[in-house]
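See structure below.
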Amino acid sequence: MSARILDGRAVAAEVLAEVGVRAERLRARGVVPCLAVVLVGDDPASAIYVRNKGRRAAEVGIETRDLRLPASTSESDLLARVDALARDPAVHGILVQLPLPPGIDARRVLEAIPPDKDVDGFHPENLGRLVIGDPRLVPCTPAGCMRLLAHTGIDLCGKRAVVVGRSNIVGKPMAHLLLQADATVTIAHSRTRDLPRVVGEADVVVAAAGRPGLVRGAWIREGAVVLDVGINRVEGRLTGDVEFAAAAERAAWITPVPGGVGPMTIACLMENVVQAAEGPPG
Ligand code: GUN
């Protein structure tokens, strides 16, 4: 088998087109959807992500407010800034770019974002709602992965899905979204015994371990769907967590890196901003 490419740029463009329509509807009601992006310090990768978010937002009619703070910012100072954004009725979404400099407790900062403005979906209330099957704002990368899976047209009910990686921002929420779609879900991680066998049983593989080429092509079950969340810089090039060429020989569908999951994350962030600006359903 030779895999079909799951083109994240194309699917993201569809999502962004819908988001643009919703943003326009909000503007017609006098609501300008607004995302506040807080960047602390000068991590170069974070600066690139933040710039890309600002560009995408402008394209779909979402306003952004950029808050750039020095790496020397104290936790209490940052909490006060987040609190001011939390109280500002013109701000619908708040995103604090991670990682934060040492000395700042990211958990405390994320918990200071009101759940209804938490467009990253990282607040314990939003993650808890996802776990109990009543999701509101869902983390963007896992949400983007689900959109890509929907694009394949494959029914996930009863399928075996393996998520490699157990982070709070990707692996854990991803597993719960797959569970909600009635897949049988395994979360594998760095301590998993016999990872090749576990991956080899999966109809859907989501690689989110942050280790370049960890998932070998030969492990992939014939006809599986492979989503590669990894963005690793190796010798100046971006590579995923999956050994792409060999995996593509066996998979039915596979995401490239770049151009797979990455564009979906930003598109789903924009979707969360309009959702937050629209307010609670009903
Ligand atoms: N750093 C890397 N990925 C993310 C993300 O999805 N959201 C935030 N806030 N920071 C990140």
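Atoms within a ligand are numbered from 1 in the order they appear, just like the ligands themselves.
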Shortest protein contact, atom 1 (N) of ligand 1 (heavy atom only)
Leu98 O, 2.9 Å

Say whether Tyr49 and ligand 1 are in contact under the criterion: heavy-atom distance to a ligand atom below 4.0 Å.
no

Within the structure, does Val96 bring an N/O atom to less than 3.5 angstrom of an N/O atom in ligand 1?
yes

Are the charged groups of Arg147 and Glu271 less than 4.0 angstrom apart, N to O?
yes

Numbered in order shown, the ligand 1 atoms found under 4.0 Å of a heavy atom of Leu95 are 9 (N)

Checking heavy-atom distances from atom 6 (O) of ligand 1 to each of Leu100, Leu110, Asp120, the winner is Asp120

among protein heavy atoms, the one nearest atom 11 (C) of ligand 1 is Gln97 NE2, 3.3 Å

Which residue is it: Leu67, Leu100, Asp83? I am looking for the one with a side-chain contact (heavy atoms from CB on, under 4.5 Å) to Leu78.
Leu100

For the pair Glu201 and Arg197, find out whether any cationic side-chain nitrogen is under 4.0 Å from an anionic carboxylate oxygen.
yes

Quick one: closest heavy-atom pair of Cys140 and Thr265, and the distance?
CB-O, 3.4 Å

Any side-chain donor near an acceptor of the partner, Ser46 and Asp43, under 3.5 Å:
yes

